[in-house]
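Have a look at the structure below before the remarks.
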Amino acid sequence: MTIGIATDHGGIELKQQIQAYLKKKGFTIKDFGAFEYDAADDFPDFVIPLARAVGAGEVDRGIACCGSGVGASIAANKIKNVRACLINESYSAAQGVEHDDMNMICLGGRVIGIALAETLVDAFLEAEYAALPRQLRRMGKIADLEK
């Protein structure tokens, strides 16, 4: 599985820690930046290219960080075929994939630590979309909004 990852300055440390964690687990990582701390950078410059890659199927799933995770989530959801959510607990990390076909998780580098981030990322990446008829119907209604 290829995982795309991106952040701005607000989540750079968390991104680096998640990246190392995922590499140890054998995932292929595509890094969309930021590559170094720059207090003047802007999350859309990194999150939007990641979201485009997720939406186009160039990466299997995406992980975006910013200070709170809110801005990353807002930006990512502007891109067609992206279903991104700010996640701070493990139930939604898995359920968002299983029921809502979430393909991008957003995390706050100033809100959570690496131990919780690892738990959330594991739940997100281990979950699979159930694609039950009611879920397909609901996701179809959302996809219609992108037309």
Side-chain angles (χ1 to χ4, degrees), residues 1-132 134-136 138-139 142-143 146:
M1 184 182 283
T2 300
I3 309 302
I5 193 164
T7 191
D8 66 355
H9 62 277
I12 196 149
E13 184 177 338
L14 185 63
K15 182 196 89 158
Q16 291 166 344
Q17 292 170 328
I18 292 170
Q19 216 169 354
Y21 176 71
L22 292 175
K23 283 182 181 177
K24 271 201 284 191
K25 292 189 82 163
F27 288 96
T28 300
I29 309 298
K30 182 165 183 179
D31 190 344
F32 290 83
F35 302 104
E36 60 186 40
Y37 181 85
D38 177 357
D41 66 14
D42 297 320
F43 64 85
D45 296 335
F46 309 105
V47 173
I48 294 297
L50 166 60
R52 286 189 172 129
V54 170
E58 296 167 10
V59 296
D60 297 301
R61 300 226 179 133
I63 300 171
C65 302
C66 66
S68 68
V70 173
S73 178
I74 291 169
N77 280 304
K78 300 296 183 184
I79 304 302
K80 185 177 181 176
N81 300 321
V82 172
R83 293 164 303 281
C85 292
L86 169 60
I87 301 293
N88 290 314
E89 42 71 35
S90 60
Y91 175 80
S92 297
Q95 190 268 349
V97 175
E98 295 165 352
H99 291 203
D100 304 310
D101 202 16
M102 178 174 66
N103 54 12
M104 195 163 158
I105 189 172
C106 300
L107 304 171
R110 296 179 176 149
V111 179
I112 64 171
I114 187 56
L116 178 55
E118 288 173 356
T119 299
L120 301 178
V121 166
D122 284 344
F124 169 62
L125 296 178
E126 292 168 7
E128 294 183 24
Y129 183 44
L132 297 174
R134 73 177 188 269
Q135 295 158 347
L136 292 169
R138 292 169 183 161
M139 293 302 98
I142 292 170
E146 296 178 336

Just list the side-chain donor-acceptor pairs under 3.5 Å for residues 31-41, sequence neighbours left out, or say none.
from, atom 1, to, atom 2, distance (Å)
Asp31, OD1, Lys15, NZ, 2.8
Asp31, OD1, Gly33, N, 2.7
Asp31, OD2, Lys15, NZ, 2.9
Asp31, OD2, Gln19, NE2, 3.0
Asp38, OD1, Ala40, N, 3.0
Asp41, OD1, His9, N, 3.1
Asp41, OD1, His9, ND1, 2.5
Asp41, OD2, His9, N, 3.4

Compare all side-chain heavy atoms of [X] with those of [Y] and state whether any distance is below 4.5 angstrom.
X	Y	answer
Arg52	Val82	no
Gln135	Asp101	no
Ile18	Cys65	yes
Asp100	Met139	yes
Ile87	Cys106	no
Glu118	Val121	no
Thr7	Leu14	no

For a quick test of reading the model, state the closest non-hydrogen atom pair linking [X] to [Y] and the distance between them.
X	Y	value
Ala64	Leu50	CB-CD2, 4.0 Å
Met1	Phe27	O-CD2, 3.7 Å
Tyr129	Glu98	CD1-O, 3.4 Å
Cys66	Phe43	CB-CB, 4.2 Å
Ser73	Cys85	OG-CA, 4.0 Å
Arg83	Asn103	N-OD1, 2.8 Å

To the nearest 0.5 Å, tell me how far [X] [atom1] sits from [Y] [atom2].
X	Y	atom1	atom2	result
Asp8	Ile12	CG	CD1	8.5 Å
Leu120	Glu89	CG	CD	7.5 Å
Ile5	Met104	CD1	CE	10.0 Å
Asn81	Ile142	CG	CD1	12.0 Å
Leu86	Leu107	CG	CG	7.5 Å

Worksheet item: Could you walk me through whether Asp122 and Tyr21 pass the side-chain contact (heavy atoms from CB on, under 4.5 Å) check?
Response: CA-CA 10 Å; Asp122 284 344; Tyr21 176 71; 2.5 Å; yes
Worksheet item: If you draw a 6.0 Å radius around CD in Glu13, do more than 12 non-hydrogen atoms from other residues or ligands fall strictly inside?
Response: no
Worksheet item: Under the 3.5 angstrom rule, does the side chain of Asp60 hit a backbone N or O of Ile3 as a donor-acceptor pair?
Response: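 No.
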Practice prompt. Could you tell me whether a side-chain N or O of Arg61 sits under 3.5 Å from a main-chain N or O of Val59, the two making a donor and an acceptor?
Written response: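 No; judged by distance alone, with no hydrogens or angles, the pair does not exist.
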Practice prompt. Show the numbers, then the answer: is there a side-chain contact (heavy atoms from CB on, under 4.5 Å) between Val47 and Lys78?
Written response: CA-CA 11 Å; Val47 173; Lys78 300 296 183 184; over 6 Å; no
